[in-house]
2 protein chains.
Amino acid sequence: SKKQREISVSEFFAKNRHLLGFDNPAKALLTTIKELVDNSLDAADEARIPAEVDITIDQISEDRFRVTCTDNGPGIVPKNVPLVFGKLLYGSKFHRLKMSRGQQGIGVSAAGMYGLLTTGHAIRVISRTAKNKPANRFEIAIDTQKNHPAVKKQDEIEWDRPHGTSVEIELEASYRKGHHSVDNYIRQISLANPHATLRYRAPDRANDMDLTVYAGVTNELPPETAEIQPHPYGVELGVLMQMLRETKARTVQNFFHTEFSRVSNKVAGDIAKLARVPANRKPAKVDRKEAEALHKAIPQTKIMAPPTDCIAPIGEELLEKALTSIHPAEFITATTRRPVVYRGNPFLVETAIAYGGAELSADDAAIVYRYANRVPLQYQHGACAISKAVAATDWKKYGLQQPKGSVPVGPMVLMVHIASVWVPFTSESKEAIAHYPEIIKEIKLGLQDCGRKLGAHVRRKRRDADEEKK
Amino acid sequence: SKKQREISVSEFFAKNRHLLGFDNPAKALLTTIKELVDNSLDAADEARIPAEVDITIDQISEDRFRVTCTDNGPGIVPKNVPLVFGKLLYGSKFHRLKMSRGQQGIGVSAAGMYGLLTTGHAIRVISRTAKNKPANRFEIAIDTQKNHPAVKKQDEIEWDRPHGTSVEIELEASYRKGHHSVDNYIRQISLANPHATLRYRAPDRANDMDLTVYAGVTNELPPETAEIQPHPYGVELGVLMQMLRETKARTVQNFFHTEFSRVSNKVAGDIAKLARVPANRKPAKVDRKEAEALHKAIPQTKIMAPPTDCIAPIGEELLEKALTSIHPAEFITATTRRPVVYRGNPFLVETAIAYGGAELSADDAAIVYRYANRVPLQYQHGACAISKAVAATDWKKYGLQQPKGSVPVGPMVLMVHIASVWVPFTSESKEAIAHYPEIIKEIKLGLQDCGRKLGAHVRRKRRDADEEKK
Ligand SMILES: Nc1ncnc2c1ncn2[C@@H]1O[C@H](COP(=O)(O)OP(=O)(O)OP(=O)(O)O)[C@@H](O)[C@H]1O
Ligand SMILES: Nc1ncnc2c1ncn2[C@@H]1O[C@H](COP(=O)(O)OP(=O)(O)OP(=O)(O)O)[C@@H](O)[C@H]1O
Ligand SMILES: [Mg+2]
Ligand SMILES: [Mg+2]
């Protein structure tokens with residue numbers, strides 16, 4: 001027989017590390033920063049702590065860097081630390097429907113694994129959950145054959161912070177200035193997180209006091225997001241059958257009422273009635289024919305759209321404020337659209353435009369900032385649903401130039417933010433958004449909202465210019 | 001503490017099924033066919049059996065189809081069948097460096113999982129390894145929470161084949177004609193597998209005798225490919241350290257000689273000498289400093305390029321024959337380049353051009369067939385290294401029109417085949433090739449090889465046409 005055997009998740013992703021964003025040394029540095037900062041912001045937001053994140057990059061040799069990310073978040077309990085950092089597909093964000101930057105349980109373990117594979121160094125962690133508890137320090141190396149942590153060192157230490165987490169990774173990397181630079185990336189993070197304070201020490205700094213600070217432009221935390229149940233409109237037959245087998249609910253009616261969002265007892269009864277399945281049938285006793293009937297009945301039953309308190313938009317006022325601070329412009333507008341649904345998941349689109357002013361050139365292609373759940377997307381723009389929607393929008397009617405099927409040309413910065421309980425990415429590196437038609441349609445509507453206001457501004461400006469000539 | 005917990009591979013990919021190629025019902029049908037046929041061709045090629053694969057698609061209802069794929073391959077031993085079909089990341093092709101269509105241990109379990117999630121139906125398998133052994137029939141459903149098979153049924157049956165495997169999946173799907181159709185896809189498979197016989201029954205057939213047969217255009221099997229060791233030029237420090245810890249070799253010299261390809265005992269001694277590490281040092285006793293020295297010494301040591309009997313090109317003659325059978329043209333040329341290396345993995349590029357003739361229009365964009373390890377790539381052309389290389393090649397100098405940064409315009413069919421012991425894809429759906437610079441460079445050289453011959457033909461044709469006018 002052929003030698004068929006199991007492949008561990010970590011072996012698979014060690015070989016396929018470009019799927020996680022570690023294609024080359026320059027990108028590896030950016031991906032590492034991203035995974036660390038995303039985790040710190042998620043943790044602080046969820047614990048309702050105003051996020052303060054310190055990012056330091058030290059250059060150790062020509063192609064080796066040490067990245068340290070320290071936050072004032074709630075910390076991680078000691079018994080979970082090895083698994084969090086030394087096991088792929090382990091985390092707190094996958095099994096729930098709630099907006100967060102992370103969603104896979106892969107990010108930080110992948111960064112640690114890349115560091116281990118390229119330098120042999122284990123990931124170093126300090127974490128503390130409360131002032132009256134000790135700070136725990138760990139050195140953890142992932143065993144790639146087994147996808148399991150090996151704790152190299154563990155002790156309790158004195159730490160000047162009452163709570164928080166500090167992560168240090170040594171990796172083969174490359175530090176660039178300019179377009180795809182860490183400096184730009186951190187600036188883009190602050191744009192979408194106006195409530196957070198980011199303090200950044202670059203590798204080429206003059207001394208350790210030489211620090212770039214992105215202070216929060218607001219003291220208000222983002223709205224707290226609720227965790228929701230799946231909406232029945234998205235569920236597939238096989239998934240429904242599995243849920244019926246596993247539910248603790250004792251009747252079909254109670255099953256629909258408790259396992260899904262927006263299904264009242266009455267609506268649950270309607271579904272059962274339409275399917276001609278007794279409302280008090282035991283879920284585990286539902287056979288295939290009945291499951292198929294229930295599955296058919298769901299889309300034919302009137303069920304309220306999913307709740308939207310599970311998404312925290314940045315908001316028009318803060319978008320304009322943040323965008324202006326980075327790109328001072330003569331005209332600025334932002335729009336936050338109301339939430340809609342794809343595959344049963346609520347999502348919403350926010351767009352903002354900064355136009356004109358001394359800094360932006362009229363002959364350059366517009367700058368497009370893409371965001372998903374407040375995280376800047378820097379790579380794979382050619383594969384991204386946002387780029388597709390921008391190119392598919394007719395910008396000529398708002399007074400801009402636009403080569404066919406391309407980004408428009410003009411003194412413009414475009415910012416597009418997709419916020420969802422779960423974002424469909426084109427790969428595990430979370431760099432580009434998959435082309436769901438509902439999402440592309442909604443982005444275009446958001447761009448048109450802002451475009452119309454831009455068009456009015458451009459026309460008004462031209463009228464004024466013409467009048468001056470006369 | 002936050003509810004951090006483990007996520008199973010199958011849970012992850014059930015949610016992210018667009019990463020595996022199951023984005024929508026039409027694509028799901030194509031991906032399912034692909035995964036099944038790839039496995040059948042791999043199995044027959046490896047067992048040196050002239051592949052015969054029967055593919056049948058039945059439409060069961062408006063959006064439900066049954067796909068059956070039956071081969072004359074070596075079969076699968078009964079104790080491995082549940083894991084092969086009911087567990088993601090389980091297979092025989094990941095842990096070796098040898099050219100094959102599959103490489104992840106995911107494909108067929110993913111297709112079965114998609115069928116289960118959308119219809120509740122288990123995957124059905126019949127397999128037999130020899131005439132004197134019984135045929136075993138199974139019904140297997142993957143437990144997505146645990147990534148483990150649940151065998152619903154298993155028995156021995158009479159079967160009219162002496163050996164082979166038959167797989168049946170029922171799934172929610174959609175059947176289309178035209179560009180992205182199953183019919184076109186199977187035709188493209190035969191183009192790159194001229195030794196195989198494919199018999200295809202479409203869902204809209206008149207009756208069960210209504211069959212499309214792509215007979216092999218050659219009786220010769222593809223050259224047998226050897227399995228190779230990794231080449232030292234690709235290895236990273238952390239990986240080297242791990243290999244030193246795990247090797248059975250008793251000395252550093254023996255370690256390099258046995259664990260890598262192309263490292264003779266002498267060359268292994270050279271590496272150790274350059275690193276100032278005793279050649280007889282026990283590998284497990286090599287410390288970090290010594291490992292770093294060895295790692296540095298590798299690229300400074302002259303080591304022969306990797307062996308190339310691990311790749312089976314289609315070959316220029318068969319490429320021309322197959323391409324002509326599908327696109328009769330007035331001019332045809334093909335080139336198979338010599339193998340080169342990326343990340344320590346051997347790969348080679350083959351290109352073919354069919355030009356002119358009654359069927360191809362001079363005003364249309366050239367048709368581009370992309371292949372990786374003999375598998376047609378149908379989607380994500382915008383993300384693919386092949387598309388990038390085609391657009392980056394200057395076709396005007398061969399007499400074609402070419403909009404800037406675009407595929408050329410002209411009566412032309414382009415076929416590009418990348419063959420490697422391991423192909424870097426942009427996602428697990430294996431639809432597009434990642435942009436490794438070495439691969440893009442080599443594709444362009446292959447296109448230029450064919451382009452030059454095409455250019456000579458176009459010029460000659462124009463000279464003749466001009467002469468006729470005089
Ligand atoms: N700085 C931190 N503070 C508190 N908890 C953290 C921190 N970093 C990680 N965690 C916890 O560890 C888990 C695993 O993190 P990891 O980055 O691997 O996955 P994730 O963030 O859940 O998803 P993704 O792979 O999309 O990043 C998180 O879900 C979170 O519970
Ligand atoms: N028709 C078949 N005949 C013989 N062996 C098969 C057949 N189909 C699958 N197998 C075996 O089952 C294993 C798992 O198949 P699967 O498609 O899941 O993964 P793979 O082909 O190894 O990689 P990939 O995920 O890239 O397709 C294969 O490696 C092969 O050993
Ligand atoms: Mg994370
Ligand atoms: Mg396969």
Side-chain angles (χ1 to χ4, degrees), chain A residues 1-9 11-12 14-16 18-19 23 43 46 74 76-77 79-80 83-84 87 89-92 94-96 104-105 115-121 129 144-145 172 236-242 246 288 291-292 380 382-383 422 424-428 434-436, chain B residues 1-9 11-12 14-16 18-19 23 43 46 74 76-77 79-80 83-84 87 89-92 94-96 104-105 115-121 129 144-145 172 236-242 246 288 291-292 380 382-383 422 424-428 434-436:
Chain A
S1 82
K2 282 219 208 90
K3 308 192 215 73
Q4 287 132 359
R5 52 184 278 212
E6 186 171 350
I7 301 147
S8 82
V9 177
E11 275 185 293
F12 179 79
K15 198 167 189 182
N16 281 300
H18 57 280
L19 294 184
D23 317 25
E46 225 167 293
I76 305 166
V77 293
K79 73 169 171 64
N80 287 355
L83 291 164
V84 157
K87 186 174 178 67
L89 288 181
Y90 183 87
S92 58
F94 178 87
H95 285 108
R96 61 178 198 195
Q104 304 183 136
L116 180 71
L117 290 173
T118 55
T119 69
H121 280 288
T129 54
T144 50
Q145 304 273 8
E172 183 183 292
E236 282 140 333
L237 174 60
V239 177
L240 182 68
M241 288 168 66
Q242 186 177 337
E246 295 171 1
R288 162 176 289 283
E292 292 193 19
Q380 302 254 18
W422 187 69
F425 291 104
T426 58
S427 81
E428 292 87 342
H435 293 201
Y436 278 88
Chain B
S1 79
K2 282 218 207 93
K3 310 192 215 74
Q4 287 131 357
R5 50 183 279 213
E6 187 170 351
I7 300 146
S8 82
V9 176
E11 276 184 293
F12 179 80
K15 199 168 190 182
N16 281 299
H18 58 279
L19 295 184
D23 317 26
E46 226 168 293
I76 305 166
V77 293
K79 72 167 171 59
N80 288 353
L83 291 164
V84 157
K87 186 176 178 63
L89 288 182
Y90 184 87
S92 59
F94 177 87
H95 285 107
R96 60 177 199 195
Q104 302 183 135
L116 180 70
L117 290 173
T118 54
T119 69
H121 280 289
T129 55
T144 50
Q145 303 273 8
E172 182 183 293
E236 282 140 332
L237 174 60
V239 178
L240 181 69
M241 288 168 65
Q242 187 177 334
E246 295 172 4
R288 162 176 291 282
E292 293 194 18
Q380 302 255 16
W422 187 69
F425 291 104
T426 58
S427 82
E428 292 87 343
H435 293 200
Y436 278 88

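Treat the numbers as computed from the prediction; the structure is a model and nothing was measured. Within every chain, numbering begins at 1; the chains are lettered A, B, ... in the order of the sequence lines, protein sequences first and strands thereafter.
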Residue part contacting chain B, namely of [X], when any heavy atom lies under 4.5 Å:
X	answer
A/Ala14	backbone
A/His121	both
A/Thr129	neither
A/Leu83	neither
A/Phe425	backbone
A/Gln104	both

Worksheet item: Would you say B/Glu428 and A/Asn16 make side-chain contact, with heavy atoms under 4.5 Å?
Response: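 Contact flag for B/Glu428/A/Asn16 side chains = no.
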Practice prompt. Evaluate the criterion side-chain contact (heavy atoms from CB on, under 4.5 Å) for residue pair A/Lys3 and B/Arg96; output intermediate values, then yes/no.
Written response: CA-CA 10 Å; A/Lys3 308 192 215 73; B/Arg96 60 177 199 195; over 6 Å; no
Worksheet item: For B/Leu19, is it the side chain, the backbone, both or neither that has a heavy atom under 4.5 Å from a heavy atom of chain A?
Response: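 When you check distances to chain A, only side chain atoms of B/Leu19 fall under 4.5 Å.
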Worksheet item: By a 4.5 Å heavy-atom criterion (distance strictly below it), what part of B/Ser427 contacts chain A: side chain, backbone, both, or neither?
Response: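 Contact with chain A involves both backbone and side-chain atoms of B/Ser427.
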Please determine, among [options], the option with the most heavy-atom pairs under 4.5 Å with chain A.
options	result
B/Val9, B/Val84, B/Thr426, B/Leu237	B/Leu237
B/Leu116, B/Thr144, B/Leu89	B/Leu89
B/Lys15, B/His18, B/Glu11	B/Lys15

Fill in: Approximate separation, where rounding is to 0.5 Å, of B/Arg5 CZ and A/His95 NE2
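Here the interatomic distance stands at 3.5 Å.
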Worksheet item: If you measure from NZ on B/Lys87 to CD on A/Glu6, what distance do you get to the nearest 0.5 Å?
Response: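 Going from the NZ atom of B/Lys87 to the CD atom of A/Glu6 covers 4.0 Å.
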Practice prompt. Work out which heavy atom in A/Phe94 is nearest to a heavy atom in B/Phe12; give both atom names and the distance.
Written response: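 Result for this residue pair: CZ-CA, 3.7 Å.
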Worksheet item: What residue, out of A/Met241, A/Arg288, A/Glu236, has the most heavy-atom pairs lying under 4.5 Å from chain B?
Response: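 Max contact count across the listed options: A/Arg288.
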Worksheet item: Which residue out of A/Ile76, A/Thr119, A/Val239, A/Asp23 racks up the most heavy-atom pairs below 4.5 Å with chain B?
Response: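 Greatest number of close heavy-atom pairs with chain B: A/Thr119.
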